[in-house]
Amino acid sequence: MNRRPLSLRFVLLSAFSLSLAGPVYADASLEGRTLSYQNDAGATTWSRSYPPELGVLSGPLNQNGLSWLAVGPALYAYAPNGEQRVRLDFPAEISALDGGGGTLQATAGFGSVRQTFTVNDMRIQGRVVLPPDAGVTGWLARAAAAVPQAGLAQAAQQDPANPFLELRLARLAQAQNDRYGAVSATQRAVSAEVPFAASVQLASQLETAGYPAAADLALDRAARDWAARGYDPALVVSQEALRAYGDPLTELNVLLAQNKLRRADAWIRYLRLVSPRFEGYPDTYARYARILDTQDRGGEADEWRQFSRNLSAGTLYNLGPGSLLILQEAARVLTLALLLAILAALLGYAAHYRAVQGADLAALGGRWGGWLRHPLSRARRITLAYAGFGEKLVLAALLLGLLLSLSAWVWTGRVNGRLLDPALSAGTYGGAWFYDGLDRLSLGGSPADIALIRGLASQLDGDTSAARQTYASAGATPGACIQNNLGVLSALGGDSAQAKGSYRQALAQDPGQVPASYNLGLHPQSPETGFQESFRSTQPRLCYPDQQALIQALDTPPGASALGLLRDPWTALNNLPSGLPRPLQWVWVGLLLLFTAVSLLWLLVPRLPGGLVAGRPPLYRVTALLLPGSALLEGAWGSVLLLGWSTTLAVLAGHLRLISAGSLLGTGGTGLATFLLVALAGIYALNILVFVLDELRTVRNIRRAKRG
């Protein structure tokens, strides 16, 4: 039997023992909030510490020779020598890392929503939509601010992808009169790849530090990243979202206040390029145009005004982005006008029939005692029972008009509040955060417009099958916008003939549709097509829902809302945003509905004989002169004068800001007040004339009766 040398047997035994124990790798471990790396000998070669304000830590996960650690919404990859290979920015705080099956997956949380992303080749696979959450979009700046100044240079070397560290170094060098060091650090800062929100924040800080050229470069990088992530200028961006996205509007206002027009121009053009429909744009563009006028740049000012007017296309009745607020304030003014008219009519009736009503009620126990002694007989002798049919008809019409105006007020308030929901005003659609917000909105309007919103979101997320399926739910003949987007799906699938056919169908349905015209090469001019040519020139143009489509998707039409009022007036009126406590809301809604029901019922009740001999008491004459039209409601002139008087007073109350009507009336100044006062004086003069003629006619009739 041959024996192997002892040394060989020892080596084989050692190898076998190691194989049983498993492979030995150098590994990264986390103790508290410090990540450390130990080599094969067990010695710590490098470490990183993360302050608590940076968020939750997940990991580390060792895969393919890299150590992955999630810090808040960022995912870092470190090489064995401590070099940071990449930092990936996620749309929310990362709650878990998983490397099962050799695939790295990171789960990011959106409140109750979780979305899992796959990381491959040190890139996030799929689309990353940044929600308007300053805690996420401002994380990089916060991470840089948490570094003590003594460790700033080391932190910048360890995390070269954080431009805010380099900017702090630039400011430090600037304070030390090290111009070369400041410029070098600034160049490194603007060359870092960061999400658009961080680029805008960086541009703002560069502006403050006195590096305008670098700020322009940061804004350009922000616009390109905005486009690459699927954000689009066709969609509204709320001011809250703008603040989360770097707050360019505040920077613009600061520069305008400092009269730095050249720099302000760069920022307003950035807004005009990426999100021209930001919340409040009409006032911002108008302010900028006025400043240009003072600089003798009238041509540029007119161009900005025209640009602002063009953005009103697609809004409700082309009234602009505040169309619903205008309609809501119009409903509020109309409601006040109808309330004044109803009150004036009731005072007129009370003054006219008080004497004859008192005589009838004396035998029943008086005006108030009659309700206790003879409630049914007392109810038969309410003031309205003495009025003529024409007077009762006017009052019933005013009350029905009041209910409809209140219904319009409820509808506009409800839809306007939902229209500014963050899910619809973040500059893009898609992503788990968007779908969660859309589900919470519970869209209850037009199925075709709902299909457009959801299908577009799936299309932006790259889920073409879901997009087609959702678009199909719009019906056999989809609208022009969906037809265009189906053409985009065909074009991206390589079927150019089918795509052009869809574009032509879209244009046939809506000859003014810009996306279909653009995709057919007709070169329409709009902010959206300019953006497309600058940043997505190789891609066809998608069609996005305008304000009218969003309103139709959010809620039932105003007519259906009015029908809902007729079906369930109690619920509809209690949804009115009056600001009153719920019990008081119930009281006035109950009284209004009771009074309306009585008014309609009393149309069928014959007039009491006392109403025919009521005459024209002195109090009635005084009331008729003070409340135009209230004494003439049996004829057409009375209704015209009464509504003209009450509407003028309601508009005047809005102008004096006794009620909210700024969006409806604008800034009329003294001109509007003068016009309203002249109109009011004219109404009173006409009322006196008609009242005098009516008095003369009454006297003449009395004389004729005596002669007879």
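Atom set for the values below is all heavy atoms of this structure, side chains included, hydrogens, waters and symmetry mates excluded. Being a predicted model, the structure only gives us computed values, none of them experimental.
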Kindly say whether [Y] contributes a backbone atom to a donor-acceptor pair with the side chain of [X] at under 3.5 angstrom?
X    : Y    : answer
S458 : A466 : no
Y245 : L130 : yes
D121 : R123 : no
D178 : A173 : no
R33  : Y50  : yes
D220 : D216 : no
E207 : L255 : no

Exercise. Pick from P60, S67, S29: which one makes a side chain to side chain contact (heavy atoms under 4.5 Å, CB included) with Y37?
Worked result: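 Output: one option passes, namely S67.
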Check whether the side chains of [X] and [Y] place a donor and an acceptor atom closer than 3.5 Å, and report yes or no.
X    : Y    : result
S526 : E528 : yes
T34  : S49  : yes
D159 : Q84  : yes
W433 : Q115 : no
N484 : Y503 : no
Q459 : Y471 : yes
D265 : Y288 : yes
S36  : T44  : no
E251 : S204 : yes
T428 : R127 : yes

Exercise: identify the closest heavy-atom pair between [X] and [Y]:
X    : Y    : answer
Q201 : A244 : NE2-O, 4.2 Å
V514 : P524 : O-CG, 3.7 Å
Y211 : A182 : OH-CB, 3.3 Å
R536 : A227 : NH1-O, 2.8 Å
A553 : I453 : CB-CD1, 3.7 Å
P276 : P527 : CG-CB, 4.3 Å

Exercise. Relative to the ring of Y78, is the ring of W46 parallel (under 30°), tilted (30 to 60°) or perpendicular (over 60°)?
Worked result: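 Tilted, since the angle between the ring planes falls between 30° and 60°.
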Exercise. Going by the angle between their ring planes, with limits at 30° and 60°, are W226 and Y231 parallel, tilted or perpendicular?
Worked result: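 Ring orientation of W226 relative to Y231: tilted.
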Looking at [X] and [Y], does any basic side-chain N land under 4.0 Å from a carboxylate oxygen?
X    : Y    : result
D495 : K500 : no
R287 : D283 : no
D436 : R114 : no
R221 : E193 : yes
D232 : R541 : yes

Looking at [X], I'd like to know if its [atom1] atom is crowded, meaning that more than 12 non-hydrogen atoms belonging to other residues, nucleotides or ligands lie closer than 6.0 Å.
X    : atom1 : value
E83  : CD    : yes
E533 : CD    : yes
E240 : CD    : no

Show every donor-acceptor pair shorter than 3.5 Å between a side-chain atom in residues 138-151 and any protein atom, with sequence neighbours excluded, or say none if there are none.
unit_1: W139; atom_1: NE1; unit_2: L54; atom_2: O; d: 2.7
unit_1: R142; atom_1: NH2; unit_2: G135; atom_2: O; d: 3.0

For this session: With sequence neighbours excluded, tell me which residues meet ring pair (Phe, Tyr, Trp, His ring centres under 6.0 Å) with Y281.
Result: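 Expected list: Y285.
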Exercise. Which residues satisfy the side chain to side chain donor-acceptor pair (under 3.5 Å) test with E93, sequence neighbours excluded?
Worked result: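 Testing E93 for side chain to side chain donor-acceptor pair (under 3.5 Å), a comparison that skips the adjacent residues, returns none.
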